[in-house]
Structures are given as structure tokens and as C-alpha cells.
Amino acid sequence: MHDIKWIRENPEAFEQAMLRRKLSGTGQKAIELDKSRRDHVAKLQELQTQRNDASKAIGKAKSQGDEVAAQAAIAKVADIKQTIKTGEEAERELTKALNDYLLELPNIMFDDVPDGADEDDNIEMHKVGTPKTFDFEAKQHFDIGEGLGLMDFEAAAKMSGSRFVVLKSELAQLERALANFMLDLHTLEYGREEVVVPLLVNENALYGTNQLPKFEADMFKTTDGKYLISTSEVSLTNLVRETTLNEADLPVRYTSYSNCFRSEAGSAGRDTRGMIRQHQFSKVEMVSVVHPDKSEAEQLLMLEAAELVLSRLGLAYRVVKLCTGDTGFGAKRTFDLEVWLPGQNMYREISSVSTCGDFQARRMSARFKPTDSQGAKKGAQFVHTLNGSGLAIGRTIVAILENYQTADGSVEIPKILQPYMGGKTLIKSK
RNA sequence: GGAGAGGUGGCCGAGUGGUCGAAGGCGCACGCUUGGAAAGCGUGUAGGCGGUUUUCCCGUCUCGUGGGUUCGAAUCCCAUCCUCUCCUCCA
């Protein structure tokens, strides 16, 4: 969420920033809403002052036993009452109108985010590894998985419908091995705190990480008004909701292995086969809560960690910087990691690392108290939040199947994962 | 799910309609005291919004949250969320 004061003081800059999001006139609209609210509040406060003065006079008169003066003051204030009541209602409405509007405005992107319409305009930053080729025709992951008899979409469809999968034996084990491998990397080498989070959250949490109000359709809602998280970014970031941290506590670095649930309402027809796009998938997530001066560096650190996961798995990938049209609602800048999939013969997104500035922190009131050079604490400021996948497990399984497939349909197990798979080196075709 | 209790400032805790944003204590900050420290003494110590304008001040709102009653609500009423205890259920 944006600081209305900042919009007020920098209307041109704000307009320019929103134009990059294909939105025009937003700043002006916000300022109008704010202006009518403030004008109203000023008037209302004037009335409240009158009422309060009169009420104090009543109290004073009563305590002195001067009933006549008290009655006079009561009469005087009686007609202000109704005006104030309607005025307070109007204030609530005006405040809500402004707030609702601000909640729907996307974050301001960094200047270095390239202009562009969609993913075709993303900028490739660098490539690592050589895309794998085979002297046989590379299969897609679902053919490999089904061929192994360890990936069952039909069984999943019977009980759950489309976009679910059942993994068995070594593939089920692979899921667990990947989670452990990734969590070890993030906790042992990057000092992240491992967290088990709620998968079901209330709507406030989702306003905080900006899934709401705009993207309700992407989520599953329970009958009692809760939502299944679409990413554990939601739960991890909300750990600092409504808190004021000490500056010395920063940075806070979390990681979590969790299931994620997406209704993917708008993606019918895309990636209908296989595990690329599922209603339920698992992911190891990174979330950092940092001092505003440190968020640039933190995003690079997160990116590095995600890259390390891929390179240790021996997977070729590239890093792209998302263009304006592809950058998410809450992000100031996003880097995607795309892994090479021989079966699809293309790079596919496997991780996304975003910095949100204070956009989410404002929404969930996550602040810290700065300490000056004398050690004295000054007023609270908003923290910066970042999130990144490290990595999406389902898609990592896809990548391993396609990159480590062999001519006879077996799949080699990447060296780094073998200790996590009981020393196994190969998932044998039956 | 049933019954009960409770949610007050950084913390503990008073306050059941009137000058209460709120006693007292703890903590913290500054000062005095001291060779230094402790103790002691003194002073100060919530946040949001708006105005003024900036290092001073004023107004307003905030005692879980949202409504209501009232000239006036931390105090009364309603709803709601959360916590605790007991029962039930259960992994």
C-alpha cells in the first residue's frame, strides 16, 4: 500500500510510476479522496471540540451542583449531536473509500525494471550451465513419470479433479529429499530460520501480502471464510504483522517448506498436462524482513541462494529480470529463475525473487525502531520485505525427470540428492 | 461443540458514567548524589490522523475490534475476534 502523504507530495512521480503499470489518473483520484476526507475531518473535529468543551462544562457544573448551568449546557450541545453522528459515519465512509482505493494500487517499480508488455519482454541477465541434449528424443516429465509408474494423474483426478497428481515410491521420496536438501541449504548456509506455518489464514493476512483484495479468484476459500495459502510467503511475511522490531533484530530471515494452493482461475488451457501447473504444489520459500537500506543487497542474496539450489542440482538455468508488464502487483522488482526443460525444449520458471519495499509492511503494519549513533531509539519506520522461492518443488521434480532421463526411461538421481535418497543413484524403469 | 473468566500504556496492574490518555508499580531516559557504581531523590516516558509549523504548540481519535445508548463511555448495551479454565471431541 502506498503512503498517501507521499502521493500528495509527489503527484507527478506517482503518476509516472503508475503509468508503467498501465494505470492513469490514480494519484489524482487518491488525492481527491484524501482531500475530501481531510476537509471533512477538519469540520468534524471543529464540532467535536465544541461538544467536548460543552461536555466538560456540564461535568464541571454538575460536580459543583449547579443544575441550572448544567441544563443550559446540555441544551446547547444537543443539536450538535446529530451533526456529529452523521459526520462520523461520513468520515468512516470516506476513510474506507480512500483505503479501498489505495489497496488496489500496485507497487511502484524500480527504474531499472525494463518496460514491456509480457514475459517476452523480460531481460535475460545471465545463463548458467549448458542446456542438456540427448542422443534420443527427450521426453516430457509426465511421460517419464507415468512410464516409471510413479506419477498418477488419473488416480488424482478421481478423487480431486484435474490439476492434481499422485507421486509414489521414489518420486514421493524425491519430493522429501528435495525439501530437505533445500531447507538444509537455506538454514545451514544462509542462516534462515526454518518455520512450519499455518496453511489456512484469515483475510487480513492476505491483505497484508496483497493477494487481497485483487486476486481473490486465485485462491481457495473455506466455508468459514479462511483461505488456503497460495504461497507460504503469506504466512512467513505475516509473522511480523503488527509488530515493531528492534533495529538490532534485523534482518529476519525465514524459510519454510509448505504446500501451496492455487485455483489458477485464469489459466484454463495452459499447461493442462503434467505437474507444471497444479492446484496443490509444494515449495520451499524464503522471506526476509530487512532494514530499508539493506533490501537491495538482500534481493541479490536471495537470488544467489536460489541459484545455488539449481546449480548444485546440476540443472541449467537462466535468470531474467521481469519487465513492467510481468512484474507482480506487490513487487518493486522481480528476478525469475528459469530452468531448462529438455522435454519442453525451453526454459520454465522455477523460482521468483521479489523485493516489495515497504509495500507489504505498510499493509500489515510491520515496523522497526531505528537506533541512532547515540543508541537512542527514534520513531518507528516500516521494514522492507522480500520473498523468493527456493525452489518450487513440483517443478524441480519436473526438471530432474527431464534433465536426468535416460534412453531406457530410467532417471538418474542428482549426486547432491543421493544422500537424501538413502544412497540411491537411479530410479529404474520397470 | 458446551459452560465460565478475561482482553487497559514497553510490562504488571488500578479504574463500574463526568474535567481519564488513564492511579500506582516495574522498566527505560535524563539530572542530582558518588572517587565510581548501587541505593536514594527529582524530572520525563503511548500511538494514529489533522492543523500550525517544524525541533514549540493546538485539535481530534485510540483502554482487543466494530456498532449502539448518553450532553458525556475504559466504565452501560449488542455483535465480533482472541486468550485462559473446565467439559466434550480428537491426531
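In what follows, chains are A, B, ... by sequence order, proteins preceding strands, each numbered from 1.
Because its NZ or CZ atom is not both nearer than 6.0 Å to the ring centre of A:Tyr257 and within 45° of the ring axis, A:Lys283 does not count as a cation-pi partner of that residue.
Separating the C1' atom of B:rU16 from that of B:rG72 is a span of 16 Å, rounded to the nearest Å.
A donor-acceptor pair under 3.5 Å is formed between the side chain of A:Thr86 and the backbone N or O of A:Thr83. Looking at A:Arg192, its side chain never comes within 3.5 Å of a backbone N or O of A:Leu185 through a donor-acceptor pair.
One N or O donor and one acceptor, one from the side chain of A:Gln45 and one from the base of B:rG59, sit under 3.5 Å apart.
At a threshold of 4.0 angstrom between heavy atoms, the contacts of A:Arg8 are confined to the sugar-phosphate backbone, with no base atom among them. Within the 4.0 angstrom heavy-atom criterion, only backbone atoms of the sugar-phosphate kind lie near A:Lys5; the bases stay farther away.
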### Query
Based on Watson-Crick and G-U pairs with both distances under 3.5 Å, what dot-bracket line describes RNA chain B 5' to 3', crossing pairs as [ ] and inter-strand pairs as |?
((((((((.[[[..)..(.....]]]((((((.......))))))((((((.....)))))).[[[[[..)....]]]]])))))))....
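When the options A:Leu103, A:Asp358, A:Asn210 are evaluated for a side chain to side chain contact (heavy atoms under 4.5 Å, CB included) with A:Met1, the one that passes is A:Leu103.
Position along RNA chain B of the nearest nucleotide to A:Arg38 versus A:Arg367 favours A:Arg367 as the more 5'-ward residue.
Neither side chain, A:Glu233 nor A:Thr209, offers a donor N or O lying under 3.5 Å from an acceptor on the other.
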### Task
Produce a footprint string for nucleotides 62-80 of chain B: one letter per nucleotide, 5' end first; B if the base is under 4.0 Å from any protein heavy atom, S if only the sugar-phosphate is, - if neither.
-----S-SSBS--------
